[in-house]
Engineer: 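Okay, handing you the structure first.
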Amino acid sequence: MLRLSHEEPLSQPPLPQKYPQNSLNQLSFESNYRIICNHFLEFTRGRNLLKGQSLHAYVVKSGLHLIPLVCHHLINFYSKLQLPYSSERIFHETQFKSSTTWSSIISCFAQNELPFHGFEYFKLMRRNDEMIPDDYVLPCVMKACGMSNDQFMGKSVHCLAMKTGFDAHVFVGSSVVDMYAKCGSLGDARKVFSEMPERNVVSWSTMIYGYAQTGEDGEALRLFKAALWEGLDVNDFTFSSVIRVCGNSTWYALGKQMHSLCLKMYYYETSFVGSALISMYSKCGVIEDASRVFNEVSDINLGMWNAMMIAWAQHAHTRMVFELLEKMVNKGTKPNFITFLCILYACSHAGLVKEGKHYFAKMKDYGIEPGSQHYASMVDLLGRAGKLQEALELIEKMPMQATEAVWGAFLTGCRIHRNTELASSVADRVFELGHVSPGLHMLVSNAYAASGMFQEAARARKMLRDRGQKKEPGLSWVEEGNRVHTFAAGERRHELSSEIYRKLEELEKEVEHAGYVMDTTHVLREVGVEEKNESIRYHSERLAIAFALVTFPPERPIRVMKNLRVCGDCHVAIKYISKCTGRVIIVRDNNRFHRFENGECSCGDYW
DNA sequence: GTAGGGTTAG
């Protein structure tokens with residue numbers, strides 16, 4: 001029978017159903033579960049599985065696992081220890097699921113690289129009318145979208161966020177920016193970023209990182225400056241992105257400035273900055289500085305080991321790579337899949353086929369399944385060493401579809417060893433991948449051209465043009481003072497052009513006298529001998545070197561950066577130039593460093 | 001309780 005409430009005194013409200021009705025009084029109960037949460041955080045940080053599991057047992061016995069926050073910590077604990085299915089079990093054992101529980105499980109799958117599981121749970125959650133995807137759930141789903149490069153899913157979740165108004169939330173907004181950036185839609189990312197009502201250091205860093213990832217280094221730097229202007233408290237994350245930009249564009253002077261800025265802001269010791277600095281200095285060709293950063297840091301983590309290994313490998317100090325691996329294992333750091341990429345990279349660039357195969361097989365001992373990238377490295381290793389048939393057999397045996405990188409490595413091997421037949425025989429299979437990158441497209445086209453199939457080559461080039469894509473123009477650049485001087489083959493736009501060309505003619509006589517003979521087999525177009533000579537004589541790296549010879553003081557090493565591979569003829573020519581001029585010339589192409597000194601190159605002519 | 005990370009190939 002219904003009675004009016006004022007007719008009887010209000011009784012004590014019952015404990016909400018979601019809390020266990022046990023003997024604990026409310027107060028001790030509250031304090032108890034907070035302590036438990038802190039313990040879980042501690043065990044998660046320390047990756048202490050045993051302690052976490054015993055606490056888990058205690059929590060279940062006392063019924064505390066029914067509290068959403070405790071449940072979150074449980075899920076999070078197993079998630080961080082890379083046991084997503086344990087997290088999933090806990091999720092299902094929880095009767096009362098709040099938005100915390102849902103966001104925890106979705107985030108767990110996103111963290112453990114199982115984005116599609118995350119989507120499934122998101123869909124499951126949407127079937128429950130009472131559950132609203134709020135500002136905690138949406139970022140987790142966005143993360144899964146970014147991870148799987150699923151822009152379609154990302155867009156629809158973004159729409160949902162806009163419809164519910166949660167897009168105005170800074171966490172949601174930042175995750176949307178990240179999602180578009182990861183899916184390669186920098187324009188959309190920037191639009192969302194600009195329209196965010198509130199931005200914090202994560203939003204800015206995400207946007208900067210997005211530009212850094214897609215190679216829009218100038219824009220990344222402009223945004224970083226804008227962030228400083230806004231008085232934003234930039235952190236180590238922001239710095240690692242900007243330092244990476246300096247490395248990609250080989251802005252050595254700027255990189256050093258960032259380094260000192262880090263020192264001033266006490267961000268130096270943090271790991272991400274450390275590894276970013278190592279790879280920046282290495283990419284700028286200053287291996288000494290990279291090594292100094294590595295040696296100065298007391299707490300070396302996995303990323304720094306990896307970055308330093310790549311650095312030694314890039315500079316052809318292969319022995320150092322193996323030494324570092326040994327030291328790393330002795331210190332108790334377990335190599336990961338990136339470590340093996342570093343090692344295979346080192347082997348491939350030194351022509352160490354036996355060692356490469358050894359480490360490729362050894363991966364399984366560390367519980368790491370070779371991914372497509374490792375296969376690409378192995379194909380690269382075999383291809384460079386001339387074992388093209390073996391490389392092709394490895395591709396056939398791959399448990400996954402051969403990627404662009406794999407075919408790229410194979411075709412590069414074919415080009416180095418001038419096996420045009422094999423190259424043109426796989427060309428069609430490369431185009432089966434659909435729209436491949438301009439770089440790979442040119443490899444295919446060049447493979448046709450080199451085997452005399454000029455019509456096919458022209459058709460491949462036309463395909464690229466029709467798609468509105470252009471082959472990347474070959475550029476070389478040199479840093480001088482605060483300026484970067486960029487050169488393209490045969491151009492005469494630089495203000496010192498006449499001096500540069502005069503210097504080149506002078507050099508040509510000198511090196512020919514020393515024994516240099518021009519080799520035009522690297523020119524892959526159907527042109528006359530004169531034109532071939534002309535196009536090779538003024539390759540961009542030669543212009544850049546000539547510029548440095550004209551302007552640099554005699555003792556200064558010449559550092560030239562190039563975005564494409566150095567051609568065989570230039571490599572020979574630069575060796576002679578270093579001998580005739582007595583200068584140290586360091587050339588970084590898109591592949592590795594060449595240190596020319598006294599007529600020799602550090603790569604040992606193997607690249 | 002939720003969002004951002006290091007590495008390679010061409």
Side-chain angles (χ1 to χ4, degrees), chain A residues 37 41 68-73 75-76 98-104 106-107 110 134-143 146 166 169-179 181-182 200-210 212-213 235-241 243-244 270-279 301-311 313-314 336-346 348-349 371-377 379-380 383 403-412 415 436-443 472 563-565 589-592:
Chain A
C37 290
L41 278 176
L69 195 55
V70 175
C71 180
H72 158 76
H73 281 291
I75 291 175
N76 188 42
S98 71
S99 106
T100 308
T101 331
W102 285 103
S103 61
S104 305
I106 295 167
S107 160
D134 61 6
D135 49 329
Y136 283 91
V137 175
L138 288 168
C140 303
V141 187
M142 277 301 171
K143 187 177 174 151
F166 283 113
H169 198 281
V170 63
F171 272 59
V172 178
S174 305
S175 67
V176 175
V177 171
D178 183 54
M179 181 275 295
K182 286 229 167 74
N200 65 10
V201 60
V202 175
S203 338
W204 281 91
S205 304
T206 305
M207 198 63 237
I208 292 171
Y209 183 72
Q213 249 179 337
N235 60 17
D236 53 333
F237 178 78
T238 332
F239 268 115
S240 69
S241 299
I243 291 168
R244 184 174 156 179
T270 59
S271 50
F272 289 126
V273 172
S275 50
L277 282 172
I278 292 169
S279 82
N301 67 4
L302 182 59
M304 296 174 93
W305 288 108
N306 289 347
M308 198 63 230
M309 276 187 213
I310 286 284
Q314 277 171 335
N336 71 348
F337 80 101
I338 292 170
T339 315
F340 281 98
L341 282 179
C342 302
I343 294 163
L344 293 178
Y345 173 83
S348 136
H349 288 258
S372 68
Q373 291 163 300
H374 298 100
Y375 278 94
S377 280
V379 170
D380 188 60
T403 56
E404 269 198 38
V406 174
W407 287 120
F410 182 72
L411 288 172
T412 307
R415 184 173 66 171
V436 297
S437 71
L440 186 57
H441 210 111
M442 284 314 291
L443 270 174
E472 205 178 349
N563 64 340
L564 301 179
R565 190 174 179 275
D589 63 8
N590 61 353
N591 193 27
R592 66 171 309 146

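Just so it is clear: chains get the letters A, B, ... in the order the sequence lines come, proteins before strands, and each one is counted from 1. Computed over heavy atoms, backbone and side chain alike; hydrogens, waters and symmetry mates excluded.
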Engineer: Base, sugar-phosphate or nothing for A:Arg565? Non-hydrogen atoms, less than 4.0 Å.
Structural biologist: nothing
Engineer: Report the distance from atom CD1 of A:Ile243 to atom P of B:dG4, rounded to the nearest whole Å.
Structural biologist: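 Taking CD1 of A:Ile243 and P of B:dG4, I get 21 Å after rounding.
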Engineer: For B:dT7, does either OP1 or OP2 sit under 4.0 Å from a side-chain N or O belonging to A:Tyr345?
Structural biologist: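 Result: no.
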Engineer: What integer distance in Å separates A:Asn563:CG from B:dA9:C1'?
Structural biologist: 15 Å
Engineer: Is it the case that the base of B:dG1 and the side chain of A:Ser99 share a donor-acceptor contact (distance under 3.5 Å, atom types as modelled)?
Structural biologist: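 Present.
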Engineer: side-chain contact (heavy atoms from CB on, under 4.5 Å) with A:Ser279: which residues, sequence neighbours excluded?
Structural biologist: none
Engineer: What is the distance, rounded to the nearest whole Å, between atom CG of A:Asn235 and atom P of B:dA3?
Structural biologist: 16 Å
Engineer: Tell me: CD1 of A:Ile343 to P of B:dT8, nearest whole Å?
Structural biologist: 14 Å
Engineer: Can you identify which nucleotide, out of B:dG1, B:dG10, B:dT8, has its nearest atom closest to the A:Asp380 side chain?
Structural biologist: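 The nucleotide sitting nearest to the side chain is B:dG10.
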Engineer: Taking only N and O in the side chain of A:Gln314, is any of them less than 4.0 Å away from OP1 or OP2 of B:dT7?
Structural biologist: no
Engineer: A:Leu69 side chain: which of B:dG1, B:dG4, B:dA9 is closest?
Structural biologist: B:dG1
Engineer: Over all strands shown, is A:Ser104 touching base, sugar-phosphate only, or nothing at heavy-atom distances under 4.0 angstrom?
Structural biologist: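 The answer is nothing, as A:Ser104 stays clear of every strand by at least 4.0 Å.
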Engineer: Over all strands shown, is A:Cys342 touching base, sugar-phosphate only, or nothing at heavy-atom distances under 4.0 angstrom?
Structural biologist: nothing
Engineer: Would you indicate what A:Ser377 reaches in the nucleic acid, counting non-hydrogen atoms under 4.0 angstrom: base, sugar-phosphate, or nothing?
Structural biologist: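 The residue A:Ser377 makes no contact with any strand.
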Engineer: Please pick, from B:dG1, B:dA3, B:dG4, the nucleotide with the shortest atom-to-atom distance to any side-chain atom of A:Asn200.
Structural biologist: B:dA3
Engineer: Reckon A:Asp178 touches a base, only the sugar-phosphate, or nothing at all at heavy-atom distances under 4.0 Å?
Structural biologist: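 Result for A:Asp178 = sugar-phosphate.
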Engineer: Considering only B:dA3, B:dA9, B:dG4, which nucleotide approaches the side chain of A:Ser175 most closely?
Structural biologist: B:dA3
Engineer: Rounded to whole Å, please give me the gap between CH2 in A:Trp407 and C1' in B:dA9.
Structural biologist: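 The answer, rounded to whole Å, is 15 Å.
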Engineer: Taking all non-hydrogen atoms of both residues, which atom of A:Ala276 and which atom of A:Ile243 are closest, and how far apart?
Structural biologist: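 Taking A:Ala276 first and A:Ile243 second, the nearest heavy atoms are O-CG2, 3.5 Å.
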Engineer: Expressed as a whole number of angstroms, how long is the span from A:Phe340:CZ to B:dT8:C1'?
Structural biologist: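 A:Phe340 atom CZ is separated from B:dT8 atom C1' by 15 Å.
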Engineer: Under 3.5 Å, side chain of A:His374 to main-chain N/O of A:Gly371, donor-acceptor pair present?
Structural biologist: yes
Engineer: Round to the nearest Å and state the distance from A:Asp135 atom CG to B:dG1 atom P.
Structural biologist: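 After rounding, the reported distance stands at 14 Å.
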Engineer: NA contact type, A:Ala409, heavy-atom cut-off 4.0 Å: base, sugar-phosphate, or nothing?
Structural biologist: nothing
Engineer: Could you tell me which residues satisfy side-chain contact (heavy atoms from CB on, under 4.5 Å) with A:Ser205, sequence neighbours excluded, listed by chain and number?
Structural biologist: A:Val201, A:Asn235, A:Phe237, A:Thr238
Engineer: Is the distance from OP1 or OP2 of B:dG4 to the nearest side-chain N or O of A:Lys143 less than 4.0 Å?
Structural biologist: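 For A:Lys143, the contact criterion (side-chain N or O under 4.0 Å from OP1 or OP2 of B:dG4) is met.
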Engineer: Tell me the interatomic distance from A:Arg244, atom CZ, to B:dT7, atom P, rounded to whole angstroms.
Structural biologist: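 Roughly 6 Å, once rounded to whole Å.
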Engineer: Is it the case that B:dG4 (base atoms only) and A:Thr206 (side chain only) share a donor and an acceptor within less than 3.5 Å, ignoring hydrogens and angles?
Structural biologist: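 No.
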Engineer: Just jot down the ring-ring contact (aromatic ring centres under 6.0 Å, His included) partners of A:Phe410, sequence neighbours excluded, or say none.
Structural biologist: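 Residues passing ring-ring contact (aromatic ring centres under 6.0 Å, His included) with A:Phe410: none at all.
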Engineer: Taking Watson-Crick and G-U wobble pairs with both distances under 3.5 Å, convert DNA chain B into its dot-bracket string, 5' to 3', dots for unpaired and | for cross-strand pairs.
Structural biologist: ..........
Engineer: Heavy atoms only, 4.0 Å cut-off, all strands: where does A:Met142 land among base, sugar-phosphate and nothing?
Structural biologist: nothing
Engineer: Would you indicate which nucleotide in B:dG1, B:dT2, B:dG4 comes nearest to any side-chain atom of A:Thr100?
Structural biologist: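 Between B:dG1, B:dT2, B:dG4, the one nearest the side chain of A:Thr100 would be B:dG1.
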Engineer: Any base atoms under 4.0 Å from A:Asn301, or only sugar-phosphate, or nothing? Heavy atoms, all strands.
Structural biologist: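 If one applies the 4.0 Å heavy-atom cut-off, A:Asn301 turns out to touch a base.
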Engineer: Taking side-chain contact (heavy atoms from CB on, under 4.5 Å) as the test, write out the residues that go with A:Gln213, two or more places apart.
Structural biologist: A:Tyr209, A:Arg244
Engineer: For A:Trp407, check ring-ring contact (aromatic ring centres under 6.0 Å, His included) against everything at least two apart and list the hits.
Structural biologist: none
Engineer: Which heavy-atom pair separates A:Asp380 from A:Ser348 by the least distance, and what is that distance?
Structural biologist: OD2-OG, 2.6 Å
Engineer: Check whether any side-chain nitrogen or oxygen of A:Thr101 sits under 4.0 Å from OP1 or OP2 of B:dG1, and answer yes or no.
Structural biologist: no
Engineer: If you compare every side-chain N and O of A:Ser98 against the phosphate oxygens of B:dG1 (OP1, OP2), does one of them come in below 4.0 Å?
Structural biologist: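 It does not, given that no N or O in the side chain of A:Ser98 lies less than 4.0 Å from OP1 or OP2 of B:dG1.
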Engineer: Report the relative orientation of the aromatic rings in A:Tyr345 and A:His349; use parallel for angles under 30°, tilted for 30 to 60°, perpendicular for over 60°.
Structural biologist: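 It falls in the tilted class, 30° to 60°.
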Engineer: From the set B:dG1, B:dG4, B:dA3, return the single nucleotide nearest to any side-chain atom of A:Pro139.
Structural biologist: B:dA3
